[in-house]
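Structure, as structure tokens:
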Amino acid sequence: MATDNNLIREIDEDLQRQRTHDLWKKYGKWIIGGAVLIVLGTASYTSWQAYRLSHDQEATGALFAMLSAPDAKEAAAADKLAAFAAQEKGESQSMLARFYEAEVKKQNKQEAQALEIYESIAADGAADPKYRDLASLLWVQQQLDNGDIEALRTRLGPLAKEGAPWRYSATEYQGLLAVRAGDNQKAAEIFTALSQDPLAPVDLRGRAQDLARYYERR
């Protein structure tokens, strides 16, 4: 009986080997090809990741060098930042360069050009929504004292909504616009609500509390 079992097992193993041989003969080249593609794909992905990391480091270093240069606040620096932003278009460093470019413009009394940069970022459909909202917020900030109140209110509306990334600063600006419009009661209401929001930044809550007390008495 044991001999029969051994014979059956040997026959079964022979059949298994034959099937494996036949399968390999039929599909072997495809299996090898697939393995090669996997190896090549992995190598390409790894190389791409290494390239991206290297490129990001170089771009960040270049931007840092520009911002640390002795002439970083001079008007000519804005042109360098604009050229860098165009070269790195689509990268996060490009977006940061555009914001710094606007800041340099403001420091050199070129407010209108700074506003144009903010408008350009805010209208950039390829940009991260947080950057677009920040550009809109800075556009408002620059005009709080002399811009058209209704236009500024319209721009702040969506920025101050629940869940918006810059909603607390946008809400504070709404209160300041109310003050500018002479509506101290509305301003006090805005600042009071802001001062009582536990999720608002601590320093902003403290500032809002002081403003609320001040305009409640007006």
Side-chain angles (χ1 to χ4, degrees), residues 40-161 163-174 176-177 180 201 203-204:
L40 289 176
T42 302
S44 297
Y45 177 75
T46 302
S47 298
W48 172 247
Q49 289 291 89
Y51 165 77
R52 291 296 307 156
L53 177 61
S54 175
H55 178 78
D56 283 347
Q57 289 174 338
E58 290 177 3
T60 301
L63 179 58
F64 180 77
M66 280 188 281
L67 298 178
S68 304
D71 64 345
K73 295 182 180 181
E74 295 180 8
D79 296 332
K80 295 179 182 178
L81 288 165
F84 175 87
Q87 177 183 322
E88 298 296 329
K89 187 173 178 61
E91 305 292 341
S92 59
Q93 294 90 345
S94 173
M95 189 61 63
L96 292 175
R98 296 174 74 185
F99 279 111
Y100 280 116
E101 179 192 357
E103 184 60 30
V104 173
K105 294 288 188 184
K106 287 192 294 184
Q107 291 179 359
N108 286 276
K109 310 301 181 184
Q110 296 175 308
E111 289 84 0
Q113 293 182 32
L115 288 173
E116 288 177 2
I117 295 171
Y118 292 141
E119 283 283 53
S120 175
I121 297 173
D124 187 350
D128 186 305
K130 287 184 292 187
Y131 288 138
R132 296 175 63 185
D133 286 355
L134 177 58
S136 283
L137 186 69
L138 293 173
W139 183 86
V140 170
Q141 181 191 65
Q142 189 172 331
Q143 303 178 85
L144 276 175
D145 294 333
N146 53 23
D148 180 86
I149 291 179
E150 288 308 315
L152 297 179
R153 280 176 175 164
T154 298
R155 184 67 68 95
L156 285 174
L159 300 179
K161 286 184 177 179
W166 315 103
R167 63 187 179 278
Y168 298 116
S169 292
T171 301
E172 183 178 29
Y173 292 169
Q174 286 179 326
L176 293 175
L177 283 179
R180 195 181 140 203
D203 58 337
L204 195 152

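Please read all numbers here as calculations on a predicted model, not as lab measurements.
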*Looking only at heavy atoms, what is the nearest atom pair of Ala102 and Ala114, with distance?*
O-CB, 3.5 Å
*Applying side-chain hydrogen bond (donor to acceptor under 3.5 Å, both in side chains), name anything that partners Gln174, two or more places apart in sequence or on another chain.*
none
*Output every pair passing side-chain hydrogen bond (donor to acceptor under 3.5 Å, both in side chains) with a member in residues 72-85, not counting sequence neighbours, ordered by first then second residue.*
Asp71-Lys80
_Partner residues of Lys106 under the side-chain hydrogen bond (donor to acceptor under 3.5 Å, both in side chains) criterion, sequence neighbours left out_ = Glu103, Tyr118
*For Phe84 and Gln93, work out which heavy atoms get closest and say how close.*
CE2-O, 3.7 Å
*Under the 3.5 angstrom rule, does the side chain of Asp128 hit a backbone N or O of Lys130 as a donor-acceptor pair?*
yes
*Please round to the nearest 0.5 Å and tell me the distance separating atom OG of Ser169 and atom CG of Asp133.*
12.0 Å
_Qualifying residues under side-chain hydrogen bond (donor to acceptor under 3.5 Å, both in side chains), relative to Ser94, sequence neighbours excluded_ = none
*asked:* Please enumerate all residues that pass side-chain hydrogen bond (donor to acceptor under 3.5 Å, both in side chains) together with Glu119, with sequence neighbours excluded.
replied: Arg155
*When rounded to the nearest 0.5 angstrom, what is the spacing between CG in Leu204 and OG1 in Thr171?*
8.5 Å
If you look only at distance, which donor and acceptor atoms sit under 3.5 Å apart when one is on a side chain in residues 138-152 and the other is two or more places apart or in another chain?
residue, atom, partner, partner atom, Å
Gln141, NE2, Tyr173, OH, 2.8
Gln142, NE2, Glu111, O, 2.9
Gln143, NE2, Trp139, O, 3.1
Asp148, OD2, Glu150, N, 3.3
Asp148, OD2, Ala151, N, 2.8
Glu150, OE2, Arg153, NH1, 2.8

_I'd like to check the salt bridge (Lys or Arg N to Asp or Glu O under 4.0 Å) partners of Glu101; sequence neighbours left out, ordered by chain and number._
none
*asked:* Contact between Leu137 and Leu156 at the side-chain level, heavy atoms closer than 4.5 Å - yes or no?
replied: yes
_salt bridge (Lys or Arg N to Asp or Glu O under 4.0 Å) involving Asp124 - partner list, sequence neighbours excluded_ = Arg98
*Nearest heavy-atom pair of Ala122 and Ala135: which atoms, and what distance?*
N-CB, 3.8 Å
*asked:* How about OH on Tyr100, more than 12 heavy atoms from neighbouring residues, nucleotides or ligands closer than 6.0 Å, or not?
replied: no
*Mind jotting down which residue pairs meet the salt bridge (Lys or Arg N to Asp or Glu O under 4.0 Å) criterion with at least one end in residues 163-172? Sequence neighbours excluded, please.*
Glu172-Arg207
_salt bridge (Lys or Arg N to Asp or Glu O under 4.0 Å) against Arg132, all qualifying residues, sequence neighbours excluded_ = none
*Partners meeting side-chain contact (heavy atoms from CB on, under 4.5 Å) with Pro158 (sequence neighbours left out)*: none
